[in-house]
Amino acid sequence: MKIIEKIKEYCLMHIHQVIIGGVAALVLLFAGYTHWHTNQQPTDRLPTSREVAKKTQGVSAQSGDSSKICIDIKGAVNRPGVYHLLKGSRVEEAIRAAGGSTDQSDLNQVNLAKELMDQQIVQIPKLGEQLTSNVAAGGADAGSTDGEKINLNNATKEDLMKIDGVGEKKAEKILEYRNQHGGFKSPDDLKNISGFGDKTVAKLKDRLAV
């Protein structure tokens, strides 16, 4: 009993120190728990410079795809086939991509500076071979010469508007049909487009090619 009385007496004499010590102990316990709990939670990690660069390169590569065109080069080249070139490329660049022209090529019929279009067929003629349309080889604008045929599968809207009786709206309908059906198999396919009847197509057939 004397020991208990002495403890009570000590506590009463040093009550301020006891309270301060208790509070300090509680603060330490709370701080320790907070530190432990924080370490258990997932933290947002900032990406490294290498990761940022890799992501940027990926975005650039994707955006670069939209600036390319796909062309099919045939005829007197060393490696005929389908090639993906930058938008704005010329016929000369398509020939170079296909391994260059062969010794039998007739480049006099070809406009090497002609700008290429997506899905265009580029036909490089051989010596003694006459193209049905200069547009296919990237030559002069179709319709610029009397008797020159216009290739429905390669002509631009401006080329098509040079056909007698074909205005802007009809030219757009021709391009729309070409895109939807993968091209024309015959000039008679024009009959499937509103505004082109049998008589109209018969009148134009001599000036059209596919």
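For Glu93, the side chain to side chain contact (heavy atoms under 4.5 Å, CB included) test picks out Ser89, Arg90, Arg96, with sequence neighbours left out.
Residues Val210 and Pro187 have side chains in contact (heavy-atom distance under 4.5 Å, counting atoms from C-beta outward). Using a 4.5 Å cut-off on side-chain heavy atoms (C-beta onward), Ile121 and Asn153 make no contact.
Listed here is the closest heavy atom pair of Gly81 and Asp72: O-OD1, 3.4 Å. In terms of heavy-atom proximity, Ala171 sits nearest to Val166 at N-CG1, 3.8 Å. In plain terms, the two heavy atoms of Ile95 and Ser101 that are nearest each other are CG2-N, 3.5 Å. Summarising the geometry of Pro125 relative to Ala76, their closest heavy-atom pair is O-CB, 3.8 Å, with the distance given to 0.1 Å. Closest approach of Thr102 to Asn78, counting heavy atoms only: CG2-OD1, 3.6 Å.
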Sequence neighbours left out, cut at 3.5 Å: what donor-acceptor pairs do the side chains of residues 190-199 make with other protein atoms?
residue, atom, partner, partner atom, Å
Asn192, ND2, Tyr177, OH, 3.1
Asn192, ND2, Asp189, O, 3.4
Ser194, OG, Lys173, NZ, 3.0

### Task
Decide side-chain contact (heavy atoms from CB on, under 4.5 Å) for Val201 and Leu208; before the verdict, give the C-alpha distance in whole Å, the side-chain angles of both, and the deciding distance to 0.1 Å.
CA-CA 9 Å; Val201 174; Leu208 301 178; 5.8 Å; no

### Query
Would Val77 and Ser105 satisfy side-chain contact (heavy atoms from CB on, under 4.5 Å), going step by step from the backbone distance to the final call?
CA-CA 7 Å; Val77 290; Ser105 64; over 6 Å; no

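A distance of 9.0 Å separates CG in Leu127 from CD in Gln109, rounded to the nearest 0.5 Å. Rounded to the nearest 0.5 angstrom, Ile150 CD1 and Asp159 CG are separated by 6.5 Å. If you take OG1 on Thr156 and CD on Glu158, they are separated by 4.5 Å, rounding to the nearest 0.5 Å. Atom CD1 of Ile124 sits about 4.5 Å away from atom CD1 of Ile73, to the nearest 0.5 Å. Note: Asp106 CG to Lys126 NZ = 12.5 Å, rounded to the nearest 0.5 Å. Within the model, atoms CD1 of Ile71 and CE of Met117 stand 11.5 Å from one another, a figure rounded to the nearest 0.5 Å.
Here side chain to side chain donor-acceptor pair (under 3.5 Å) pairs that include residues 178-187, with residues two or more places apart or in two chains, are Glu176-Gln180.
Hydrophobic clustering (ILVMFWY, side-chain heavy atoms < 4.5 Å, transitive): Ile174 and Met161 are in distinct clusters.
Taking the charged nitrogens against the carboxylate oxygens, Asp188 and Lys205 do have a contact shorter than 4.0 Å, which makes a salt bridge.
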